[in-house]
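A short write-up of the structure that comes next.
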Amino acid sequence: MLKIVVCVSGGGTNLQAVIDAIARGSITNARIEAVISNNPGAYALKRAEEHGIANVCISPKQFETRGLFNQAFLEKVSSYQPDLIVLAGFLVVIPEIMIREYQNRIINIHPSLIPSFCGTGYYGLKVHEGVLKRGVKVTGATVHFVDEGTDTGPIILQKPVLVEEGDTPELLQRRVMEQAEWSILPQAIDLIANGKVTVTEGRTVIDWKKA
Ligand code: GRF
């Protein structure tokens with residue numbers, strides 16, 4: 001049974017998609033041990049509470065230095081002994097010691113087709129604003145392992161979404177969630193939980209035969 005810790009900062013619709021997928025059996029061999037947020041007001045914490053999942057807030061604001069927060073955050077996450085850490089809209093930079101300790105065991109959902117519209121400064125609505133400004137006709141979402149860079153780790157799954165005439169960043173954000181994020185994040189977790197994802201030389205190989 002894969003033990004998961006989900007880290008969130010906001011509404012938690014991706015968290016909800018994972019909770020629902022586990023409940024209906026489209027994710028197997030996995031269980032959410034805890035939900036951790038840096039934001040005490042995150043609705044995601046309520047979602048966890050409603051489903052009887054342990055939920056805690058740990059914020060950089062509670063600590064004098066970033067180093068102290070990083071240490072406490074790592075200790076909090078590790079107290080749940082996770083096999084997989086899922087960043088589902090988590091707006092805090094993951095400390096390097098944690099990335100090293102959990103190599104290829106931290107995944108992130110990003111709302112574009114990496115390597116487009118990703119990296120420093122591309123988060124939340126800014127991603128979709130960039131997409132509309134550039135005028136690309138296809139965007140989407142990516143689930144990837146987290147490495148020391150920003151959105152540079154091995155890609156696990158991607159799904160395209162069409163940009164439509166008259167889109168606003170908000171409309172596009174919602175469509176990318178509905179048509180891509182909420183399906184590929186649970187799917188990636190299911191693949192990992194069932195031993196179908198391996199990482200070789202910075203790229204993933206998915207064993208679809210067994211899927
Ligand atoms: C999603 O768009 C995700 O791709 C990004 O942050 C947003 C989180 O939304 N990393 P939610 O909190 O899951 O509703």
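Counting convention: from 1, in listed order, for ligands and their atoms alike. In this chain, residues are counted from 1 in sequence order.
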Show me which atoms of ligand 1 lie under 4.0 Å from any heavy atom of [X].
| X | value |
| --- | --- |
| M177 | 1 (C), 2 (O), 9 (O), 14 (O) |
| G11 | 12 (O) |
| P111 | 4 (O) |

So for atom [atom1], which belongs to [X], do other residues, nucleotides or ligands contribute more than 12 heavy atoms lying within a distance under 6.0 Å?
| X | atom1 | answer |
| --- | --- | --- |
| F63 | CZ | yes |
| E170 | CD | yes |
| K76 | NZ | no |
| Q62 | CD | yes |

Decide whether S26 and D190 meet the rule of one side-chain donor and one side-chain acceptor closer than 3.5 Å.
-> no
Is there a path of hydrophobic side-chain contacts, each under 4.5 Å between heavy atoms of I, L, V, M, F, W or Y residues, that connects I19 with L45?
->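 Result: yes, single cluster for both.
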Could you check atom 6 (O) of ligand 1 against the protein and tell me its nearest heavy-atom contact, residue, atom and distance included?
-> G89 CA, 3.4 Å
Nearest protein heavy-atom contact for atom 12 (O) of ligand 1: which residue, which atom, what distance?
->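 Going atom by atom, the protein heavy atom closest to atom 12 (O) of ligand 1 ends up being G12 N, 2.7 Å.
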Can you name the one residue among N55, L15, L84, V5 that meets side-chain contact (heavy atoms from CB on, under 4.5 Å) with I32?
-> L15
For I109 and ligand 1, answer yes if some heavy atom of the residue is under 4.0 Å from a ligand atom, otherwise no.
-> yes
At the 4.0 Å heavy-atom cut-off, does A44 count as touching ligand 1?
->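 Under 4.0 Å: no for A44.
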Please work out whether any backbone atom (N, CA, C, O) or any side-chain heavy atom from C-beta onward of Q173 is under 4.0 Å from ligand 1, and answer side chain, backbone, both or neither.
->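 Neither; no heavy atom under 4.0 Å.
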Say whether [X], considering both its backbone and side-chain N or O atoms, lies within less than 3.5 Å of an N or O atom on ligand 1.
| X | answer |
| --- | --- |
| G10 | no |
| E181 | yes |
| T13 | yes |

How about R66 and V92: do any of their side-chain heavy atoms sit closer than 4.5 Å?
->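 SC-SC contact between R66 and V92 confirmed.
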